[in-house]
Amino acid sequence: MQLSYLNEPAVLYNLEYRYNQDMIYTKAGPVLVAVNPFKEVPLYGNRNIEAYRKRSNESPHVYAIADTAIREMIRDEVNQSIIISGESGAGKTETAKIAMQYLAALGGGSGIEYEILKTNPILEAFGNAKTLRNDNSSRFGKLIEIHFSETGKISGAQIQTFLLEKSRVVQCTEGERSYHIFYQLCAGASPTLREKLNLTSAKQYNYLKQSNCYSINGVDDAERFHAVKEALDIVHVSKEDQENVFAMLAAVLWLGNVSFTIIDNENHVEPEPDESLSTVAKLIGCNINELKLALSKRNMRVNNDTIVQKLTLSQAIDARDALAKSIYACLFDWLVEQINKSLAVGKRRTGRSISILDIYGFESFNKNSFEQFCINYANERLQQHFNRHLFKLEQEEYIQDGIDWTRVDFEDNQECLSLFEKKPLGLLSLLDEESTFPNGTDLTLANKLKQHLNDNSCFRGDRGKAFTVAHYAGEVTYETTGFLEKNRDLLHSDSIQLLSSCSCHLPQAFASSMLIYSEKPLVGPLHKAGGADSQRLSVATKFKGQLFQLMQRLGNTTPHFIRCIKPNNVQSAGLYEQGLVLQQLRCCGVLEVVRISRSGFPTRMFHHKFARRYGFLLLENIAAKDPLSVSVAILHQFNILPEMYQVGYTKLFFRTGQIGVLEDTRNRTLHGILRLQSYFRGHQARCRLKELKTGITILQSFVRGEKMRKEYTELLQRHRASAAIQSHVKRRIASQQYKATVDASAVIQSAIRGELVRRCAGDIGWLSSGGTKRNESDEVLVKASYLSDLQRRVLRTEAALREKEEENDILRQRVQQYDNRWSEYETKMKSMEEIWQKQMKSLQSSLSIAKKSLEVEDSARNSDASVNASDATDLDSGGSHYQMGHGRSRSVGVGLSVISRLAEEFGQRAQVFGDDRKFLMEVKSGQVEANLNPDRELRRLKQMFETWKKDYGGRLRETKLILSKLGSEETGGSAEKVKMNWWGRLRSTRY
């Protein structure tokens with residue numbers, strides 16, 4: 001915790017503030033404090049794992065603890081351990097799973113990490129139960145040792161369990177549940193399995209219905225049962241073994257339903273031969289009579305004689321419950337053994353491992369029994385380990401930085417541990433001693449403890465069966481009721497013999513595991529003399545041995561501590577009870593860590609970090625810029641006393657509260673700087689926003705304009721395409737309709753003509769045959785009505801024929817008129833062509849005459865130029881004559897170019913008008929299909945021709961006029977030139 005003032009209120013406030021911000025993890029020295037949020041928080045997943053792996057996130061987290069452990073394991077080649085503690089409901093199990101997830105993500109790759117993660121559903125189902133404080137309370141402690149290869153990959157794992165709460169199998173408090181697996185089996189078993197195990201609902205079993213609690217809010221037991229079966233498959237438990245496991249569970253449930261009948265006046269009993277007894281015998285594979293004897297009688301061997309003792313009702317119930325508890329406890333141990341075999345397959349031991357210890361925290365209830373006695377003893381051992389490691393770290397850090405320090409004394413709990421472990425007058429020794437006495441009772445145990453331990457400062461005897469122990473976390477009062485029975489935890493030899501005689505291999509394995517604690521090896525049939533010596537080691541002794549082994553294993557590792565805190569007892573999110581949290585902080589030793597830190601130098605900071613954090617507070621610049629000089633200058637400026645800090649090689653060490661002045665000044669300065677920056681950045685942001693808005697508006701206008709232009713172009717193209725398609729479709733429909741009309745007319749005409757021909761032929765034949773017959777005989781008579789009807793039909797047909805002929809005549813006349821008009825058009829066009837040709841010929845003749853005259857004049861000029869060139873005396877006049885001749889030739893060239901252009905235009909226009917006329921002639925004759933009126937187009941072509949003709953004629957006349965002027969000028973000039981040349985020659989001859 002980066003706190004300026006280290007005390008209990010500051011710690012509580014800091015935890016509450018972070019808890020309300022969903023920052024459930026806080027670092028207190030070497031301890032990570034995890035407050036249960038009782039809801040989902042966004043602190044987990046692959047993204048966060050990657051952030052902590054790359055160390056881009058330095059916030060306190062379980063991931064950070066696991067990352068530190070795996071890095072130190074690889075770097076130092078030293079085994080690591082993560083010790084998770086806290087009271088029930090604080091979130092220890094979930095924290096352990098989160099740590100395993102991170103280790104599996106970093107060390108995964110071989111596939112075994114998936115098996116390790118899948119052990120959690122199995123262990124939770126068989127070892128967790130609902131209590132008044134926690135819906136998923138672990139009723140056992142476990143140590144998961146994960147082994148790594150040389151490359152840092154997970155190569156295997158091993159699980160060790162401690163002190164399973166077997167009494168929960170046979171008795172539950174109101175509102176609690178037994179182990180989850182019983183309810184999951186009853187809810188999720190398939191019909192086949194249910195019939196095979198003779199299962200009913202959970203409400204039908206005495207062991208389950210005594211608490212009147214059968215379900216947990218938000219938990220589907222059937223779904224969890226399928227998850228357990230899947231996990232068993234993954235850890236390679238065969239289907240046959242799974243069925244045997246479920247059979248043992250059902251046998252435990254049916255054992256609770258076995259009832260007894262009193263058979264005599266001494267309260268002796270025997271089991272009732274009902275469904276429960278027969279079902280138990282069937283499930284464990286034993287004879288029903290042997291089961292009845294094991295539950296109602298006890299064989300005692302005295303010397304060489306065997307005595308059969310009948311059991312009373314209370315003794316029989318105890319024997320039944322002891323058998324049920326033993327079967328379940330052995331089943332749990334067998335499952336852990338199978339899991340270890342699966343996780344150890346192909347394991348390559350390198351000596352590197354990370355152990356995750358999920359163990360019960362300190363417990364103090366209104367009524368504390370044997371379970372709390374063992375749990376608190378284990379926590380005393382863990383607290384001593386924690387204290388020694390903490391002070392070791394502090395001492396090593398002070399020595400490494402070379403500071404002057406005084407060893408800090410701390411409250412050691414060795415006296416309390418001696419109270420438990422001292423021989424022969426310790427709590428555990430006296431408990432085992434009293435457990436060996438057949439006549440020992442809970443009251444005699446309490447009296448013996450008071451008699452021998454009253455002088456111990458950590459022990460106080462109370463009235464009756466109660467005694468009080470002063471633990472490091474506070475005083476706890478224990479009731480010795482049930483201590484001896486739970487410590488003995490005896491299963492009589494008759495019950496062990498019964499299990500060994502079963503046909504199912506699991507009860508046989510259970511019997512073998514029970515006999516490993518036997519005082520003498522067995523030879524021949526499984527049989528022991530008495531019940532007391534069938535198990536030599538008591539529960540407390542076995543637990544003490546396991547705890548010593550655990551401490552020895554943890555002592556060879558570098559520990560990392562996680563303390564889980566429950567913020568409230570109602571398991572509600574957002575509720576923070578300071579009193580409850582303070583009690584847990586004291587119990588788990590976090591406040592002791594704070595106290596130790598306060599007595600030393602709890603605040604420490606590297607030189608460069610200190611200079612970077614507070615360097616800007618210096619009022620004057622110093623010459624030396626190294627971090628140490630800057631740090632010392634800061635300390636002198638703020639008048640921090642020398643005894644309140646120490647300067648180490650790499651760090652500055654401060655006593656409690658000394659850094660607060662610097663932090664307050666820094667916060668005020670930063671607040672002012674941030675306010676000024678916020679104003680300036682706000683101004684910049686507003687200016688930038690204005691520019692962006694202007695730019696966006698302009699950009700939007702361009703984009704919208706371009707978009708509208710594209711849409712308009714596309715719409716125009718679609719409109720044109722639609723018009724073209726409509727024209728083609730309409731033309732096609734019109735042509736089809738016209739063709740259909742023509743075909744229908746032809747069919748109608750053919751039908752009418754055929755009918756007329758047939759009728760005419762029939763009348764002629766009838767008339768001819770009738771005349772013959774009248775000539776020959778008068779046997780056939782023609783009805784006058786029939787003849788008149790035929791005549792009327794003939795007249796109508798003739799009238800229709802005449803109408804059709806008249807229509808045909810009219811059509812022929814129209815066609816003739818069209819032909820006449822077309823011939824007129826052709827005649828006109830031919831006359832126009834003749835006129836055009838005549839005009840062209842005249843124009844060409846005039847052009848050729850003009851060209852010839854120009855050529856004659858050019859030749860004459862060339863000859864005169866040669867004569868004048870020979871006369872040396874007239875050089876100047878010859879030069880001027882050349883210039884005038886050159887000007888005249890240029891005028892002639894211009895005239896020729898104008899004439900050639902007119903001729904070219906005439907040819908082009910003639911070709912265009914000819915092609916248009918030819919095309920219209922083909923359209924008129926039907927050779928070419930076109931959607932136009934040929935008559936109208938001919939008239940328009942004629943108008944265009946007349947317009948061009950008028951324009952062309954005007955230009956032609958202008959050209960002729962210009963050429964005539966040029967010709968007259970050239971003619972006069974040439975005569976004068978000839979005359980001058982002649983006079984020049986005459987004068988030269990005279991001289």
Check: Checking salt bridge (charged side-chain N to carboxylate O under 4.0 Å, His left out) for the pair Arg168/Glu371: CA distance, chi angles, key distance, verdict?
Finding: CA-CA 11 Å; Arg168 184 167 291 271; Glu371 289 81 10; over 6 Å; no
_Derivation of the side chain to side chain contact (heavy atoms under 4.5 Å, CB included) call for Leu585 and Leu12_ = CA-CA 9 Å; Leu585 291 176; Leu12 283 174; 3.9 Å; yes
Can you tell me how far the [atom1] atom of [X] sits from the [atom2] atom of [Y], to the nearest 0.5 Å?
{"X": "Gln583", "Y": "Ser364", "atom1": "CD", "atom2": "OG", "answer": "7.0 Å"}
{"X": "Phe148", "Y": "Met73", "atom1": "CZ", "atom2": "CE", "answer": "5.0 Å"}
{"X": "Lys118", "Y": "Ile234", "atom1": "NZ", "atom2": "CD1", "answer": "5.0 Å"}

For [X] versus [Y], what's the shortest heavy-atom pair and its separation?
{"X": "Cys564", "Y": "Ile84", "value": "SG-CG2, 3.7 Å"}
{"X": "Ser342", "Y": "Glu115", "value": "OG-OE1, 2.9 Å"}
{"X": "His180", "Y": "Lys130", "value": "CE1-N, 3.7 Å"}
{"X": "Ala64", "Y": "Ser59", "value": "CB-O, 4.2 Å"}
{"X": "Pro121", "Y": "Val228", "value": "O-CG2, 3.9 Å"}

(request) Would you confirm whether the ring centroid of Phe126 sits within less than 6.0 angstrom of the ring centroid of Phe332? (result) no
Query raised in the report: Is the Tyr614 to Phe610 ring centre distance short of 6.0 Å?
Result: yes
| request: Check whether more than 12 heavy atoms from other residues, nucleotides or ligands sit under 6.0 Å from atom CZ of Phe548, and answer yes or no. | output: yes
Is the count of non-hydrogen atoms from other residues, nucleotides or ligands lying under 6.0 Å from Arg381 atom CZ greater than 12?
yes
Taking it one step at a time, do Ser631 and His607 satisfy side-chain hydrogen bond (donor to acceptor under 3.5 Å, both in side chains)?
CA-CA 7 Å; Ser631 301; His607 295 161; over 6 Å; no
Which word best sums up how the rings of [X] and [Y] line up, parallel for under 30°, tilted for 30 to 60°, or perpendicular for over 60°?
{"X": "His61", "Y": "Tyr52", "value": "tilted"}
{"X": "Phe543", "Y": "Tyr377", "value": "perpendicular"}
{"X": "Tyr63", "Y": "Tyr44", "value": "perpendicular"}

- [ ] Measure the shortest side-chain to side-chain distance between Tyr472 and Gln384 over non-hydrogen atoms and say whether it is less than 4.5 angstrom.
- [x] no
Decide side-chain hydrogen bond (donor to acceptor under 3.5 Å, both in side chains) for Tyr576 and Asn20; before the verdict, give the C-alpha distance in whole Å, the side-chain angles of both, and the deciding distance to 0.1 Å.
CA-CA 9 Å; Tyr576 185 89; Asn20 292 331; over 6 Å; no
Side chain of [X], backbone of [Y]: donor and acceptor closer than 3.5 Å?
{"X": "Glu72", "Y": "Ile70", "result": "no"}
{"X": "Asn14", "Y": "Ala10", "result": "no"}
{"X": "Lys92", "Y": "Glu87", "result": "yes"}

*Is there a salt bridge (charged side-chain N to carboxylate O under 4.0 Å, His left out) between Glu50 and Arg53 once you walk through the steps?*
CA-CA 5 Å; Glu50 191 67 17; Arg53 186 182 70 83; 2.4 Å; yes
Full working for side chain to side chain contact (heavy atoms under 4.5 Å, CB included) between Ile640 and Leu662: CA-CA 10 Å; Ile640 297 179; Leu662 295 175; 4.2 Å; yes
Pair Glu577, Lys566 - check salt bridge (charged side-chain N to carboxylate O under 4.0 Å, His left out), show working. CA-CA 9 Å; Glu577 298 178 3; Lys566 183 168 65 172; over 6 Å; no
Of Ile354, Leu343, Ile116, the one forming a side chain to side chain contact (heavy atoms under 4.5 Å, CB included) with Ile154 is Ile116
Query raised in the report: When you check the side-chain N and O atoms of Glu145 and Gln160, is any donor under 3.5 Å from an acceptor?
Result: no
Polar side chain donor-acceptor pair, Thr93 to Glu124, under 3.5 angstrom
no
As a quick check of understanding, evaluate side chain to side chain contact (heavy atoms under 4.5 Å, CB included) for Val476 and Asn376, giving each step before the final call. CA-CA 9 Å; Val476 179; Asn376 292 339; 4.1 Å; yes
Stepwise salt bridge (charged side-chain N to carboxylate O under 4.0 Å, His left out) test for Lys142 and Asp358 | CA-CA 5 Å; Lys142 66 176 179 289; Asp358 175 12; 2.9 Å; yes
Note to self: side chain to side chain contact (heavy atoms under 4.5 Å, CB included), that's the test. Do Ile65 and Thr68 meet it? Break it down for me.
What the structure shows: CA-CA 5 Å; Ile65 297 294; Thr68 302; 5.8 Å; no
